2 protein chains.
Amino acid sequence: MANRRGSKQREAILRILQSTDIHPTADWIYDQVRKVIPNISLGTVYRNLNLLKDEGLIKEVTIYGSSSARYDANLEPHHHFICLVCNSVYDLPVQDENVNVSHLVSGRDFKIKFVKLDIFGICDKCQAKEAN
Amino acid sequence: MANRRGSKQREAILRILQSTDIHPTADWIYDQVRKVIPNISLGTVYRNLNLLKDEGLIKEVTIYGSSSARYDANLEPHHHFICLVCNSVYDLPVQDENVNVSHLVSGRDFKIKFVKLDIFGICDKCQAKEAN
DNA sequence: GTAATTGCAAAAGATTTGCCCCATT
DNA sequence: AATGGGGCAAATCTTTTGCAATTAC
């Protein structure tokens with residue numbers, strides 16, 4: 001790993017990401033950091049998100065249908081529930097009984113490393129709204 | 001559905017997509033169509049991919065780590081296996097025993113509509129290469 | 001004839017990069 | 001002084017769009 005100096009920009013970005021669970025875009029993070037460091041640039045936000053990703057402190061999340069990358073500081077293994085109405089992304093902890101997928105590749109000589117599971121549907125809040 | 005006129009461009013794009021299983025990008029499709037219709041433009045490829053998607057004849061596929069959208073004419077429900085070495089995407093038919101995910105949202109009032117499952121690992125061909 | 005479709009080029013949106021200055025060691 | 005990091009703007013990449021010309025019905 002490259003030598004790394006402290007940087008209040010990078011620390012602020014990490015802190016913001018750790019304090020939310022909405023899996024924000026770089027742009028959303030940019031808006032938040034500017035409240036603390038008004039003259040920070042968007043390029044710096046992207047650069048530091050990539051650095052934090054390289055260090056393994058955050059993860060980049062690809063959500064189907066989202067035109068930009070989203071970021072996540074939740075390092076626990078988890079799945080995602082994506083609401084088709086409000087597009088919110090909820091974390092779902094991995095249960096003891098892990099999702100069993102080996103039967104899906106039976107007959108093929110594939111070595112499984114990890115699984116990415118996204119569940120799409122309607123969240124509680126949007127169901128309540130629809131009922132009105 | 002909007003009125004739609006025949007178009008040799010759209011037909012060629014669909015035929016190309018139906019004849020491959022590599023889940024290509026718009027750009028790859030563009031290269032292929034140009035062999036048949038040399039002066040077709042990339043804009044036309046994108047426009048027709050979106051029209052075909054609206055008609056439900058093809059699907060757009062979001063692959064984690066791929067910077068551009070990929071397209072798929074396989075309409076059967078299926079999962080994906082993505083090789084971490086060569087980035088190939090393989091289709092995995094949905095088995096009788098569907099992936100059970102309801103326990104993952106137990107305790108939450110979420111209505112599940114569908115599931116997107118990507119399995120990451122190393123494909124047979126790349127395992128063979130590594131062995132050398 | 002009319003409306004869908006095209007090619008082209010410009011625009012738009014997301015992300016990366018080059019460059020020069022500033023800050024930290 | 002050396003070097004990591006930042007700000008800014010330009011560049012890049014993917015995708016969309018406006019427009020005038022063409023084509024299918």
Side-chain angles (χ1 to χ4, degrees), chain A residues 1-17 22-72 87 89, chain B residues 1-17 22-72 87 89:
Chain A
M1 178 116 11
N3 274 351
R4 209 136 283 164
R5 215 172 259 181
S7 140
K8 68 177 202 294
Q9 285 87 345
R10 184 151 60 249
E11 279 155 25
I13 288 168
L14 180 58
R15 212 175 315 117
I16 284 168
L17 203 46
I22 66 162
H23 310 76
T25 61
D27 213 62
W28 185 93
I29 296 167
Y30 177 51
D31 284 341
Q32 301 302 311
V33 196
R34 265 196 299 182
K35 293 177 184 169
V36 187
I37 307 173
N39 66 328
I40 195 174
S41 73
L42 184 55
T44 296
V45 172
Y46 274 107
R47 249 190 303 244
N48 280 306
L49 286 170
N50 282 330
L51 289 176
L52 291 166
K53 196 170 61 169
D54 291 346
E55 290 175 40
L57 295 174
I58 66 172
K59 286 184 304 184
E60 188 176 330
V61 179
T62 305
I63 298 294
Y64 174 80
S66 179
S67 59
S68 35
R70 303 174 70 157
Y71 298 88
D72 190 354
N87 293 311
V89 179
Chain B
M1 178 111 16
N3 274 352
R4 210 136 280 166
R5 215 168 258 185
S7 140
K8 70 178 200 293
Q9 285 87 344
R10 184 151 60 248
E11 279 154 26
I13 289 167
L14 180 57
R15 214 174 313 117
I16 284 168
L17 203 45
I22 68 163
H23 310 76
T25 61
D27 212 60
W28 184 94
I29 297 167
Y30 177 51
D31 284 342
Q32 300 303 311
V33 196
R34 265 195 299 181
K35 293 176 183 169
V36 187
I37 308 172
N39 67 329
I40 195 174
S41 73
L42 185 55
T44 296
V45 172
Y46 274 106
R47 251 189 304 239
N48 279 307
L49 286 170
N50 282 330
L51 290 176
L52 292 166
K53 196 171 61 169
D54 291 347
E55 289 174 41
L57 295 173
I58 67 172
K59 285 185 305 184
E60 188 177 331
V61 178
T62 304
I63 298 294
Y64 173 80
S66 179
S67 59
S68 35
R70 303 174 69 158
Y71 297 87
D72 191 353
N87 293 310
V89 179

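Numbers restart at 1 for each chain; the letters A, B, ... are given by sequence-line order, proteins then strands. Every value quoted in this text rests on a predicted model; they were computed, and no experiment measured them.
Nucleotide dT22(D) holds its C1' atom 15 Å from the CD1 atom of Ile37(B), rounded to whole Å. The CG atom of Asn48(A) sits 15 Å away from the P atom of dG4(D) (whole-angstrom rounding).
For Gln9(A) and dG7(D), the shortest distance from a side-chain N or O to OP1 or OP2 is below 4.0 Å.
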Which letter, B, S or -, goes with each nucleotide of nucleotides 9-21 of chain D from 5' to 3', with contact meaning a protein heavy atom under 4.0 Å? -----SBB-B---
Which donor-acceptor pairs under 3.5 Å do side chains of residues 6-14 of chain A form with protein atoms, sequence neighbours excluded?
| residue | atom | partner | partner atom | Å |
| --- | --- | --- | --- | --- |
| Ser7(A) | OG | Gln9(A) | N | 3.3 |
| Ser7(A) | OG | Arg10(A) | N | 3.0 |
| Arg10(A) | NH1 | Asn48(A) | OD1 | 2.8 |
| Arg10(A) | NH2 | Arg5(A) | O | 3.0 |

Could you go through residues 57-64 of chain B and list every donor-acceptor pair under 3.5 Å that involves a side-chain atom there, pairing it with any protein atom two or more places apart or in another chain?
| residue | atom | partner | partner atom | Å |
| --- | --- | --- | --- | --- |
| Glu60(B) | OE1 | Lys53(B) | NZ | 2.4 |

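In 5' to 3' order, the nucleotides of DNA chain C bounding all contacts with chain A (an atom under 4.0 Å from a heavy atom) are dA14(C) to dT24(C).
Judged as a side chain to side chain donor-acceptor pair (under 3.5 Å), and not counting sequence neighbours, Ser66(A) has no contacts.
From Asn87(A), atom CG reaches atom NE2 of His23(A) across 13.5 Å, with rounding to the nearest 0.5 Å.
For Leu42(B) against Ala26(B), the heavy-atom pair with the smallest separation is CD1-O, 4.3 Å. Here the closest non-hydrogen pair linking Ile40(A) and Tyr30(A) is O-CE1, 3.4 Å.
Applying the salt bridge (charged side-chain N to carboxylate O under 4.0 Å, His left out) test to every pair with at least one member in residues 29-50 of chain B, sequence neighbours left out, gives these pairs: Asp31(B)-Arg34(B).
Side-chain contact between Trp28(A) and Ile16(A) is present, with at least one heavy-atom pair separated by less than 4.5 Å.
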